[in-house]
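Notes follow the structure.
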Number of protein chains: 2
Amino acid sequence: MSVKELGIRARNTQPFLATVTTEDKNRALLKIADALEENMPAILEANLLDLANGRENGLNAGLLDRLMLDENRIKGIADGVRQVAALEDACGKTVYEHEKDNGLLIKKVTVPIGVIGIIYEARPNVTPDAAALCLKSGNAVILRGGKEAIHSNTALAETMRGALAAAGFPKDVIQLVEDTSRSSASEMMTLNGYLDCLIPRGGKGLIQAVVQQSTVPVIETGSGNCHIYVDESADLDMAARIIFNAKTQRISVCNACESLVIHSAVIKEALPKIKAALDEKAVEIRGDARARAVCSDILPATEEDYYTEYLDYIISVKTVDSLDEAIAHINGHSTGHSEAIITKNEANAARFLQCIDSSSVYVNASTRFTDGGEFGLGAEIGISTQKLHARGPMGLAALTSTKYLIYGNGQIR
Amino acid sequence: MSVKELGIRARNTQPFLATVTTEDKNRALLKIADALEENMPAILEANLLDLANGRENGLNAGLLDRLMLDENRIKGIADGVRQVAALEDACGKTVYEHEKDNGLLIKKVTVPIGVIGIIYEARPNVTPDAAALCLKSGNAVILRGGKEAIHSNTALAETMRGALAAAGFPKDVIQLVEDTSRSSASEMMTLNGYLDCLIPRGGKGLIQAVVQQSTVPVIETGSGNCHIYVDESADLDMAARIIFNAKTQRISVCNACESLVIHSAVIKEALPKIKAALDEKAVEIRGDARARAVCSDILPATEEDYYTEYLDYIISVKTVDSLDEAIAHINGHSTGHSEAIITKNEANAARFLQCIDSSSVYVNASTRFTDGGEFGLGAEIGISTQKLHARGPMGLAALTSTKYLIYGNGQIR
């Protein structure tokens with residue numbers, strides 16, 4: 001089936017989804033969770049096929065781990081779907097009301113976006129995670145995962161579609177693009193009129209390709225070149241603790257710290273403390289000349305380092321002479337994801353919060369908290385690094401639009 | 001100066017705009033309003049040059065009227081700027097707050113988007129209108145108007161920049177692209193990293209070009225193929241009154257009615273009444289066979305008619321046998337702008353409101369009310385027909401983004 005045909009089928013679910021109740025959506029989600037567990041043998045069998053192909057095609061250990069499903073992971077996925085069912089419905093909320101002198105009543109209410117496309121790589125867990133969030137927010141979804149996971153994704157999608165039918169829903173609320181060629185991704189990117197929104201999930205290359213090529217509105221997610229700035233007045237032990245956590249607690253995630261900015265007045269005392277902490281996990285430090293003058297055994301940083309999201313045990317260091325220089329450096333090099341200041345000075349904290357142009361700006365805490373669950377939003381579909389529609393962790397509310405409803409009794413202008 | 005250089009200059013205003021107060025923004029707006037009035041002779045002189053060129057190049061009467069400025073229009077523009085100064089600030093509002101058990105406090109606050117690009121045609125009034133809304137919402141703006149208005153736009157922009165400087169603001173908060181070639185528009189559409197958002201204002205051709213070619217996030221605005229559905233239970237006199245108003249009160253606007261959908265059970269009685277009203281302004285009616293069987297002197301409608309935004313004294317008529325057929329026809333042909341149902345049946349009204357996929361859905365009122373001022377939002381920068389970020393009339397709030405501010409005292413994950 002062509003991607004356009006999937007688009008037509010998704011559009012055909014819109015009258016159903018426009019009037020579906022929260023209770024019915026939750027019922028369908030619970031059926032999906034149960035079906036994922038019941039259908040575990042078939043899903044695992046399909047996954048084994050993907051894993052065997054992956055090994056044959058020389059996927060590295062990290063990619064194979066992301067591709068792998070087992071009993072625990074599927075149980076975790078099913079529980080995730082149940083948690084989505086338990087979340088409050090983000091649709092149907094009145095967010096603005098205005099009554100005119102002529103009696104016209106204007107209400108702005110939250111509604112589903114419509115049809116959402118997700119383009120992702122070889123993580124089969126995205127298939128049920130994204131489908132559950134789209135379903136709970138009343139959207140139809142067209143999923144296009146990487147070719148490495150096609151057997152797993154097909155088994156997962158068919159399981160969910162069966163559960164939808166059993167719940168009395170049109171199956172096409174959840175659809176998978178079975179053609180994993182480049183051309184199916186390109187078709188999705190230009191499926192205006194059928195797709196209301198496209199969310200890429202994956203590495204920088206994928207996200208940039210979607211942003212560059214799409215005519216469908218895109219929500220840019222994910223890449224995080226996150227900075228921590230150690231201010232002149234920082235508690236340096238706190239700084240070392242937070243930096244160690246933000247860099248090493250999980251190196252492969254977008255909210256991990258990739259770059260330090262340190263005030264020149266404290267770098268002599270700060271950098272050895274920070275280095276001692278990072279040495280515990282053998283983190284490679286790349287610094288500018290002033291940083292290397294303090295710790296002679298760190299490597300030199302190039303300008304390119306300051307733009308790099310390492311996702312590895314590597315961190316860059318930049319020395320600055322003022323808060324404003326730190327702000328300019330960060331705004332000039334970050335991806336707008338998460339940045340932190342370590343300071344005891346309230347005015348400096350306030351200026352950092354105001355001037356740093358990122359989705360999530362921290363005072364005296366680890367950037368690792370940028371996450372839908374940690375922010376109290378529940379499960380998230382990604383972390384937006386753009387400024388339109390949604391910014392930062394995107395929970396259910398980010399999957400809604402609004403509509404004005406106007407109630408009259410004959411008013412003309 | 002290249003468009004990229006304008007982008008760099010706009011970015012350089014960001015530290016200033018990140019900390020500017022509401023009072024200062026209002027002071028600058030009032031200075032701009034005064035300067036527009038004081039500088040009237042120079043602006044009118046520039047406009048005369050545009051008008052002379054326009055006549056020479058054979059612009060039609062409608063375009064020349066849009067291009068024309070006079071004392072009253074400039075006074076109106078200045079008053080518009082003063083009204084924007086009087087509006088509540090949309091930035092700095094806390095829209096979400098969450099405190100974690102570990103003491104971490106997470107706040108989501110409204111902030112400016114950053115740098116906004118506006119691409120528009122030969123309406124010089126857009127220059128100060130858009131600049132005022134962007135300034136009030138804390139954004140820098142890069143304005144790129146049509147070549148027909150370049151002298152007027154330059155005079156208006158220089159006047160505003162002078163007022164900004166007098167108010168202690170960086171002039172580059174408001175910039176005009178003086179190169180009105182196609183290539184400057186293309187440059188803006190791909191100015192990622194400098195432009196956070198692009199808003200096209202103008203006809204369908206301009207808007208589609210921007211949507212198709214931009215890699216910068218776009219807010220699609222404006223085109224309105226608006227429908228009114230006359231339900232089986234409609235008050236037919238009310239229907240005729242509302243349709244006459246929505247079609248003829250101002251034919252050139254995006255919220256004018258372009259198409260009628262009439263239930264077959266009432267078309268015999270309804271259409272002659274509606275036609276009698278529309279005949280007053282000699283509106284040409286193009287209908288399907290069942291409509292023409294009722295009123296033999298109306299013209300036949302083609303399928304293309306049902307997709308057409310006439311912006312003229314022309315309207316199409318489609319006959320349907322049910323509410324759901326009406327909903328499917330409207331969702332299949334509208335541009336998602338504004339649609340209305342005329343009905344006495346509450347259940348039908350509710351279903352229409354739920355199922356019609358447009359920015360503004362009316363019960364028993366004219367579509368002409370879709371407007372920022374009428375909806376209580378104040379001045380608007382356009383009417384969004386897309387679903388991401390903003391939908392319907394876009395007031396100041398549509399020109400803001402959000403940012404998470406996270407206050408800690410050493411929290412790690």
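Every chain is numbered from 1 and lettered A, B, ... according to where its sequence line falls, protein lines coming before strand lines. Values in this document were obtained by computation on a predicted structure and should not be read as measured data.
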*asked:* So A:Arg351 and B:Thr19, do their side chains get closer than 4.5 Å, heavy atoms only?
replied: yes
_Most chain B-contacting option - heavy-atom pairs closer than 4.5 Å, from A:Thr190, A:Asp371, A:Ile342_ = A:Asp371
*Measure B:Asn331 against the heavy atoms of chain A and call it side chain, backbone, both or neither at under 4.5 Å.*
neither
_When you measure from the side chain of B:Asn245 to the backbone of A:Ile412, do you find a donor-acceptor pair of N or O atoms at a distance under 3.5 Å?_
no
_Could you walk me through whether A:Val361 and B:Tyr404 satisfy the side-chain contact (heavy atoms from CB on, under 4.5 Å) test, starting with their C-alpha distance in whole Å, then the side-chain angles of each, then the deciding distance to 0.1 Å, before giving a yes or no?_
CA-CA 6 Å; A:Val361 192; B:Tyr404 286 97; over 6 Å; no
*Where does B:Arg250 contact chain A at under 4.5 Å (heavy atoms): side chain, backbone, both or neither?*
neither
*Give, as side chain, backbone, both or neither, the part of B:Ile356 having an atom under 4.5 angstrom from any heavy atom of chain A.*
backbone
_Which atoms of A:Asn192 approach chain B - backbone, side chain, both or neither, heavy atom under 4.5 Å_ = side chain
*Measure B:Leu388 against the heavy atoms of chain A and call it side chain, backbone, both or neither at under 4.5 Å.*
both
_Which atoms of A:Tyr96 approach chain B - backbone, side chain, both or neither, heavy atom under 4.5 Å_ = side chain
*asked:* Using side-chain contact (heavy atoms from CB on, under 4.5 Å), reason through B:Gln14 and A:Ile327 one step at a time and then give a plain yes or no.
replied: CA-CA 11 Å; B:Gln14 300 294 283; A:Ile327 290 169; over 6 Å; no
*side-chain contact (heavy atoms from CB on, under 4.5 Å) between A:Asn364 and B:Gln411, intermediate numbers included*: CA-CA 7 Å; A:Asn364 295 331; B:Gln411 285 84 349; 5.9 Å; no
*Does the side chain of B:Lys108 reach to within under 4.5 Å of the side chain of A:Leu377, using non-hydrogen atoms?*
no
*Can you tell which part of A:Ser358 gets under 4.5 Å to a heavy atom of chain B, answering side chain, backbone, both or neither?*
backbone
*Part of B:Ile242 within contact of chain A (heavy atom distance under 4.5 Å)*: both
*Is it the side chain or the backbone of A:Glu374 that comes within 4.5 Å of chain B heavy atoms, both, or neither?*
both
*Look up atom CZ in B:Arg413 and atom CZ in A:Arg368, then write down how far apart they are to the nearest 0.5 Å.*
4.5 Å
*Check whether B:Asp101 gets within reach of chain A through its side chain, its backbone, both or neither, counting any heavy atom under 4.5 Å.*
neither
*How far apart are the closest heavy atoms of B:Ala365 and A:Gly408, and which atoms are they?*
CB-CA, 4.3 Å
*Given side-chain contact (heavy atoms from CB on, under 4.5 Å), test B:Lys100 with A:Phe375 step by step and report yes or no.*
CA-CA 8 Å; B:Lys100 291 180 63 69; A:Phe375 280 10; 6.0 Å; no
*State the CG-CZ distance between B:Asp357 and A:Arg11, to the nearest 0.5 angstrom.*
6.5 Å
*Side chain of A:Arg391, backbone of B:Lys403: donor and acceptor closer than 3.5 Å?*
no
_Atom group of A:Ser359 that falls short of 4.5 Å from chain B, counting heavy atoms_ = backbone
*Most heavy-atom pairs under 4.5 angstrom with chain B, which of A:Val111, A:Ile113, A:Asp324?*
A:Ile113
*chain B contact via A:Asn12 - side chain, backbone, both or neither, heavy atoms under 4.5 Å*: neither
*Give the member of A:Cys197, A:Ser214, A:Pro15, A:Ala349 that has the highest number of heavy-atom pairs under 4.5 Å with chain B.*
A:Cys197
*Flag the one option from B:Gly193, B:Ser360, B:Ala239, B:Ser366 with the top tally of heavy-atom pairs under 4.5 Å to chain A.*
B:Ser360
*Which distance, rounded to the nearest 0.5 Å, do you find between the CD1 of B:Ile406 and the CG of A:Leu353?*
8.5 Å
*Looking only at non-hydrogen atoms, find the nearest pair between B:Gln386 and A:Pro217 and report the distance.*
OE1-CG, 4.4 Å
*Contact class of B:Gln249 relative to chain A, heavy atoms under 4.5 angstrom*: side chain
*Report yes if some heavy atom in the side chain of A:Phe369 is under 4.5 Å from a heavy atom in the side chain of B:Leu104; otherwise report no.*
yes
